[in-house]
Amino acid sequence: MAASGEVNVENDFFKSKVLGHPAGLFVLFFTEMWERFSFYGMRVLLVNFLTMAIVGVDNPGWGWTAENAGALFGTYAGLLYLTPILGGLIADKFTGYRWAVIIGAAIMTLGHASMALETETSLYLGLGLLVIGTGFFKPNITSIISEMYEGKPDKKDGAYTIFYMGVNAGAFFGMMLCGYLAEKIGWSWGFGLAGIFMLLGTLQFWLAKPLFGKIGGVPDKELEAKHLREEESKGVSHKPNPFTLLDKILVFASATIGLLYLINDPVSRIGDLNLLPVVMPFDLGGEPFSGPIGMALIGLVLFLVLVISRISRYAPIVRDRLIAVIIFAVFTVFFFLAFEQGASSLIIFARDNVDRVLTGNSAMIFNVINALLTVVPLAIITWVLYLLWKQTFSKIPGSNIILGICFAGIWALVIWMLVREFSATTTEITVSWFSILNSFFIIVFASFFSKWWESKYNPSAAYKYCFGLVLLGLGFGLLALGSSGLAEGAKVSMIWLILAYLLHTLGELCLSPLGLSYVSKLVPARMIAFMFGMWYLAIAIGNKLAGSLGGMIESVTEQYDLSTFFLIFTIVPIAGGLLVALLNPLLKKLMHGIK
C-alpha cells in the first residue's frame, strides 16, 4: 500500500504544472533561489570587505591587498566546485539527492552564521562550512531535475534555463540586499541576512518532501538496474570499468597535489607558511621556476593520464560522449576565468574607478530606475510563487507558508531600502549594486533564450559556446576601451560597466546553463551526479584562475595601465570562442546524435 501511495504522489506531481513544467521544478527553483541569495549575498561582500581600508572610511574593512584577497577568494571558490565530486558520489551511493540537499543546506546555514561574527577564525570556519555544505547541495539539486526529466530530453534545456533564472533571482536580491545592508549599515548585517534566508530555504525544501514521491530519494538498486537494461537495449554499453590500482594511485596523487596547491596559495601569502616547495629543483633560462606552479602542472599531467586511461576503457559511444564532455569542460575553464572577475577585480574596479556619487536629478533618475529594477522582478517572482501556491498548497502547506514569510521579508527590506534612498539628498551607489546587473539581465533574457533553444533555430552546442565566449570577451573589450587613457585618480562613467555586464550576461546564457544540460544528456544515468561533480571541477579551475588573475589588477595597473588588464580578458575568451566553433564537426560526431 505504501509503495502504491508513493506512485500516486509521483503521478500527481507530474500532473501539477506551473508555466508548462512540473510544479516540483519550481520548488527546486525557490530552494536554489534562497541558497543563491545567501551564497551571492556573502560572495559580493567578501573581496570588498577584505580589501576595504581599515581607517579613513565610514565602514572599515580589514585592509588586505588585492592579491591576498584574490588568493583567498580563488581558493574558496575553487573548493566550492571540488567538494561536489564527493557530494555527488555520496548521494549516488547512500543518501539520495534530497537528503544530500538538506544536509548541505544545514551546514551552509552554520557557515553563514559564523561569517557574521567578523573575526579571522570565524571567517575561515565559515568559509570551510560553506565549502562542505555546497559539496552536498550543488550537484544534487541539479541531479533531481535530471531525474525528473528522464525520458524528456527535449524539455531539459528549457527546464535548466528556468532553474537558472531561479539561481539568478536569488543572486539578484542577495547581492542587492546583503550588499546594501553591509555597505550602508555594517558588514555583519549583510553576512547575517545571508544566513537567515539560507535557513528558511532549507525549511521550505524539507517541508515540500510529500510532493516529490520517490524522486531524489535513497538510491533504488532495482530501478537503477532497470535503467541500465533500457540503455543497454539502445546500444549504450554499461560494461563495468572498475578503478585499477594505478587509477587509485593517480586519483590520490592528483587530488592531493591539487588540494595542496589550492590551500598553499592563500596560506603562503597571508600566513607565510609554504605547504609546497618555493622553487623547483631546476630553472628555465637561469630563472628559478615556481614550486607551486610546477607542482600544479605535475598534478594536472597525472590527472590527464587518469582521465585518458579510464575513458579509453569505456564502450565506444560512452567513450566518445565523455570525450565531448571533457572538451566542453576545457572551454568552460576559459569562460569562468574571465567571467568570475565579477567577484574580484570588477568589485575593486567599481569601488575605486567608477563614478558612483549622484546628486539632484541624476540621483532621482537612478532611484526611479533602481526601484523599477527591484520591484518588477520581485513582482514577477511573487506571481510565480502565487501560481505554485495555487497548485501545491493542499499538498505542501508548510513549504508554501515558509515561502510566503520569505517573500514578505524581502518586500519589507526592499521598501525600507527604497524609502531610505528616495529620502536622501545624495545617492552613492553601492559597489554591490553593479553585480546585480548580471542577475537582472538573466531574469529579463532567460525566457527568450529558453524559447530559442526549443525552436528550430537552436544552434549546435559548439556554436552556443562560441557565442558565449565571444560576447564575454567583447564585454571586457568595452571596459578596456572605457578605461584607456584614464588619468591617475580619475573615474569612468558607470555606463561602461553596465554595458559590460549586459554582454557578460548574454554570454553566460549561451553557455553556463547549457553546460549542465549537456552533461545530463551525454552521461549515462548511473554516473550523472559524479559527472556533475567532474563538471564543477572545470569551473573550480576557472574560479581559482579568476581569483589569482583578478588579484593582479593593482600590480598590472601600476606596471602598465587598467586598459591592459582588461585586454587580457578580452583576447583569451574570444580566441577560445573561435576555436570551439572550429571544433563543431568533431563535437557533433562525438555526441552521436545528442543535440
What residue pairs, at least two apart or across chains, pass salt bridge (Lys or Arg N to Asp or Glu O under 4.0 Å) with a residue in residues 100-113? none

Provide the full list of side chain to side chain donor-acceptor pair (under 3.5 Å) pairs with a residue in residues 323-338, sequence neighbours left out, each pair given once. Thr332-Tyr465

Going by salt bridge (Lys or Arg N to Asp or Glu O under 4.0 Å), name the pairs with one or both residues in residues 76-86, residues two or more places apart or in two chains. none

Around atom CZ of Phe334, are there more than 12 heavy atoms of other residues, nucleotides or ligands at under 6.0 Å? no

What pairs with Phe349 under ring-ring contact (aromatic ring centres under 6.0 Å, His included), at least two apart in sequence or on another chain? Phe566

Would you please name every residue forming a side chain to side chain contact (heavy atoms under 4.5 Å, CB included) with Ala106, sequence neighbours left out? none

If the condition is ring-ring contact (aromatic ring centres under 6.0 Å, His included), which residues does Phe49 pass it with, not counting sequence neighbours? Trp62, Trp187, Phe191

Using salt bridge (Lys or Arg N to Asp or Glu O under 4.0 Å) as the criterion, list what pairs up with Glu508, not counting sequence neighbours. none

Once ring-ring contact (aromatic ring centres under 6.0 Å, His included) is applied, do any residues pair with Phe569, and if so which ones, sequence neighbours excluded? Phe476, Phe565

Looking at residues at least two apart in the chain, or sitting in another chain, which of them share a salt bridge (Lys or Arg N to Asp or Glu O under 4.0 Å) with Arg269? Glu67, Asp265

Under 3.5 Å, is there a donor-acceptor pair linking the side chains of His504 and Asn438? no

Looking at residues at least two apart in the chain, or sitting in another chain, which of them share a side chain to side chain contact (heavy atoms under 4.5 Å, CB included) with Leu262? Thr75, Leu79, Leu82, Lys544

With sequence neighbours excluded, tell me which residues meet side chain to side chain contact (heavy atoms under 4.5 Å, CB included) with Met552. Leu549, Ser555, Val556

Residues that Ala255 engages under side chain to side chain contact (heavy atoms under 4.5 Å, CB included), provided they are two or more places apart: none

